[in-house]
Amino acid sequence: MLQNPDLHAMAVNFQMTQVGKHKIKLTNLDKVLFPESGVIKAELVAYYLNIAPTLLRYIRRRALSLIRFPDGIQSHQFFQKDKPDWAPDWIESVPLGKDEKKDYIMATDEASIVWLANMASIELHIRQDRNPNHDRPDFFIFDLDPPEGQPIREVVEIAQQLHEFLVPYGYHPFVKTSGGKGLHIFVPIETKYDYDTMFACVKSLAEEFIGLHPGSCTLKINKEARKGKLLVDIYRNRGSQTIVAPYSVRGREPAPVSMPLAWHQLDDLDDPTIYHVRNVADIVKREGDQWEGFQSYSTPLHTDSDQRKGSTIVLPPSKFYKTPDQLKSYLEKRDFSKTPEPTPSLVETDGDAFVVHRHHASRLHYDLRLEKMVPYYRGQFPKACHTNPVSNGLPSRQSLIRLSICNLTGRSLRINMAAA
DNA sequence: GGTAGCT
DNA sequence: AGCTACCAACGCTTG
DNA sequence: CAAGCG
């Protein structure tokens, strides 16, 4: 007979763990959350712990919306934004919303991710802004929402068309699965526009794109009006709207993950549910995060004067992207006899090479120069894009990207990119 | 999943 | 001691 | 104006 009433009540169905410097009580680890696939809570916690370092790149300092399924996906679910007053004091939060009366949960480290997972927070949704710039989004979204029964290959084709459409504006779109049949396209932007400005810009892009593909796409939410067409959902690009985070699990069978992909991986994507809670951590460990450097690709929003004209693109000034003309004047200004650096030069290689320079300028930093043979975009980079810094118009089909890596904090790296 | 308020 | 309620949000369209 | 939808 157990004498301790607490011990009796809990039937020892919990265990303590420590993640970093925080102790966390994990409860009901054998509870089945996904009945068909048999995924239990221990697997959810393990997944989120393993993916945490990568996941945190996309959710750190973002107010979260949790979708929780404490008794599994067959039972009731609910949103949660407000931090409960019984949460550990090391769970960070930020007052937001009307009258700032809600204390939005933010994940800042692996421990907070594990705490969320133990709460059966299967889905993590994020805003497009990062604390403390809650009125300045740093990416925009196209949510490609196919009509019932549309084959995934048709969704892929539209995503690729949208990709090709956006690149000439200087944007650098990224794609991920939604976890269902949809695809999400994220486009990083500089953190200097309010939501209204961003939305107007996205809307004008979407309207032009739909004009090019009126038979297959629509902006109309109305069910009748969009019969059989894929909805290009731009309406999430507003403050207080959210979208499922990269690497979030979805609350349906077979526990799929919203999986960031490289564009070429769409070429043979037939079933988005091959990416799920049981294999994504291993895939990322083996093959890497396909959105690596996401933030470094941010660009200004385009303006009306940035319209493509003929075969020439006018890129807006950017601290990350340089046009060949801008680079030419930069290179002319450099005098390598006055610096201790070796003069950059092309090296005879198979195409892949790298050089690291220790560069003690106004701030100590390291320059990493990567040279890689890459095929033109999808084998046929549009002529209109020949001044894009990624292809750089080099006759040898070689792209050079200069990365300047500055160690600012001793812990994290800031990476600036420019074509070179 | 954890708590509070009610019976 | 057991039961239940709670846990988001907003513009837009439709009835 | 409430309900439904994304």
Side-chain angles (χ1 to χ4, degrees), chain A residues 5-6 8-11 13-15 24-33 40-42 44-45 48 62-89 91 93-106 112 114-129 134-135 137 141-148 178-184 195-196 198-200 202-203 206 217-227 229-245 251:
Chain A
D6 286 341
H8 184 262
M10 295 307 292
N13 196 2
F14 70 92
Q15 69 186 65
I24 300 170
K25 180 179 175 180
L26 300 177
T27 55
N28 301 315
L29 286 174
D30 57 352
K31 179 179 281 189
V32 175
L33 296 182
I40 62 177
K41 200 165 81 169
L44 185 75
V45 173
Y48 274 121
R62 297 189 193 277
L64 295 176
S65 293
L66 317 176
I67 305 185
R68 299 182 50 199
F69 301 74
D71 295 305
I73 62 171
Q74 307 278 49
S75 191
H76 74 293
Q77 67 185 84
F78 57 91
F79 274 75
Q80 183 161 359
K81 300 185 175 182
D82 204 18
K83 181 171 77 169
D85 50 20
W86 42 264
D89 57 12
I91 296 293
S93 57
V94 57
L96 274 183
K98 183 170 282 188
D99 288 339
E100 300 193 342
K101 62 178 172 34
K102 288 234 172 347
D103 219 12
Y104 279 64
I105 296 169
M106 289 187 296
S112 50
V114 169
W115 181 76
L116 291 171
N118 180 63
M119 308 257 294
S121 307
I122 291 176
E123 298 197 8
L124 308 178
H125 294 234
I126 55 175
R127 296 189 179 223
Q128 287 156 266
D129 55 82
H134 293 288
D135 56 357
I141 303 164
F142 296 94
D143 176 2
L144 304 188
D145 185 11
E148 187 67 27
S178 69
K181 278 181 304 183
L183 293 173
H184 294 162
Y195 274 95
D196 287 345
M198 188 232 342
F199 180 76
V202 174
K203 189 179 176 199
C217 306
T218 180
L219 278 179
K220 295 292 174 200
I221 291 184
N222 183 290
K223 251 172 198 157
E224 297 308 315
R226 69 156 146 151
K227 50 186 175 208
K229 293 182 183 177
L230 177 143
L231 170 64
V232 179
D233 185 353
I234 59 173
Y235 305 104
R236 295 172 182 277
N237 294 289
R238 300 164 164 282
S240 84
Q241 291 283 97
T242 63
I243 187 159
V244 68

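Below, chains carry the letters A, B, ... as their sequence lines are ordered, and counting in each starts from 1.
- Relative to the side chain of I221(A), the nucleotides dA9(C), dC12(C), dG6(D) differ in distance, and dG6(D) lies closest.
- Shown for residues 116-125 of chain A: no residue has heavy atoms falling under 4.0 angstrom of DNA chain C.
- Looking at Y235(A) and D143(A), their side chains never bring a donor and an acceptor atom within 3.5 Å of each other.
- Rounded to an integer number of Å, the gap from CG of L66(A) to C1' of dG2(B) is 14 Å.
- When heavy atoms are screened at a 4.0 angstrom cut-off, N28(A) is found touching the sugar-phosphate backbone but no base atom.
- Using a 4.0 Å heavy-atom cutoff across all strands shown, S240(A) reaches sugar-phosphate atoms only and no base atom.
- Among dA9(C), dT13(C), dG6(D), the nucleotide with an atom closest to any side-chain atom of K81(A) is dA9(C).
- Between the P atom of dG2(B) and the NE2 atom of H76(A) lies a distance of 13 Å, rounded to the nearest Å.
- At dT13(C), none of the side-chain N or O atoms of Y235(A) fall inside 4.0 Å of OP1 or OP2 (strictly under the cut-off).
- Dashed line: the shortest gap from a side-chain N or O of N222(A) to OP1 or OP2 of dC5(D) is not under 4.0 Å.
- When each of R127(A), K102(A), K81(A) is checked for a side-chain contact (heavy atoms from CB on, under 4.5 Å) with L96(A), only R127(A) meets the rule.
- Which of dA9(C), dG2(B), dG6(D) sits closest to the side chain of T27(A) comes down to dG2(B).
- Base engagement by R68(A) is indicated by at least one non-hydrogen atom pair under 4.0 Å involving a base atom.
- Rounded to an integer number of Å, the gap from D82(A) CG to dG2(B) P is 17 Å.
- Comparing dC7(C), dT3(B), dA9(C) against the side chain of K101(A) picks out dA9(C) as the nearest.
- One interatomic measurement links the two molecules: CG of L96(A) to P of dA9(C), which rounds to 10 Å at whole-angstrom precision.
- Taking CG of D71(A) as the reference point, atom CG of L33(A) lies at 9.0 Å (rounded to 0.5 Å).
- The nucleotide whose nearest atom lies closest to any side-chain atom of F79(A) is, among dG11(C), dA8(C), dC7(C), dA8(C).
- Atom NZ in K203(A) sits about 9 Å away from atom P in dC12(C), given to the nearest Å.
- Rounded to whole Å, the distance from CD on Q241(A) to C1' on dC5(D) is 11 Å.
- Here CD1 of I122(A) is found 10.0 Å from NZ of K41(A). Values are rounded to the nearest 0.5 Å.
- The same atom, P, is picked in dC6(C) and in dG6(D); the two are 25 Å apart, to the nearest Å.
- Counting only heavy atoms from C-beta outward, the side chains of I234(A) and F142(A) approach each other to under 4.5 Å.
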>> Go through it in stages, so that I can follow the logic: the residues are D196(A) and R238(A), the test is salt bridge (Lys or Arg N to Asp or Glu O under 4.0 Å), and I'd like the CA-CA distance, side-chain angles, deciding distance and then a yes or no.
In response: CA-CA 7 Å; D196(A) 287 345; R238(A) 300 164 164 282; 5.7 Å; no
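- Within 4.0 Å (heavy atoms only), F199(A) reaches no atom of the nucleic acid at all.
- Nearest nucleotide to the Y104(A) side chain, out of dC7(C), dA9(C), dG6(D): dA9(C).
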>> Using side-chain contact (heavy atoms from CB on, under 4.5 Å), reason through L66(A) and F78(A) one step at a time and then give a plain yes or no.
In response: CA-CA 8 Å; L66(A) 317 176; F78(A) 57 91; over 6 Å; no
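- With no hydrogens or angles considered, no side-chain donor-acceptor pair links Q241(A) and R236(A) at under 3.5 Å.
- Checking dG6(D), dT3(B), dC7(C) against the side-chain heavy atoms of D145(A) singles out dG6(D) as nearest.
- Within the 4.0 angstrom heavy-atom criterion, no nucleotide atom of any strand lies near K83(A).
- Atom CD in Q80(A) sits roughly 6 Å away from atom P in dA8(C) (whole-Å rounding).
- Taking CE of M119(A) as the reference point, atom OG1 of T27(A) lies at 9.5 Å (rounded to 0.5 Å).
- Residue K98(A) is out of contact with every strand shown, counting any heavy-atom pair closer than 4.0 Å.
- In this entry the distance linking CG of D85(A) with C1' of dT3(B) reads 8 Å, nearest Å.
- If you check every strand for non-hydrogen atoms under 4.0 Å, K220(A) touches nothing.
- Toward the 5' end of DNA chain C, the nearer of the two residues R238(A) and T242(A), judged by each one's closest nucleotide, is T242(A).
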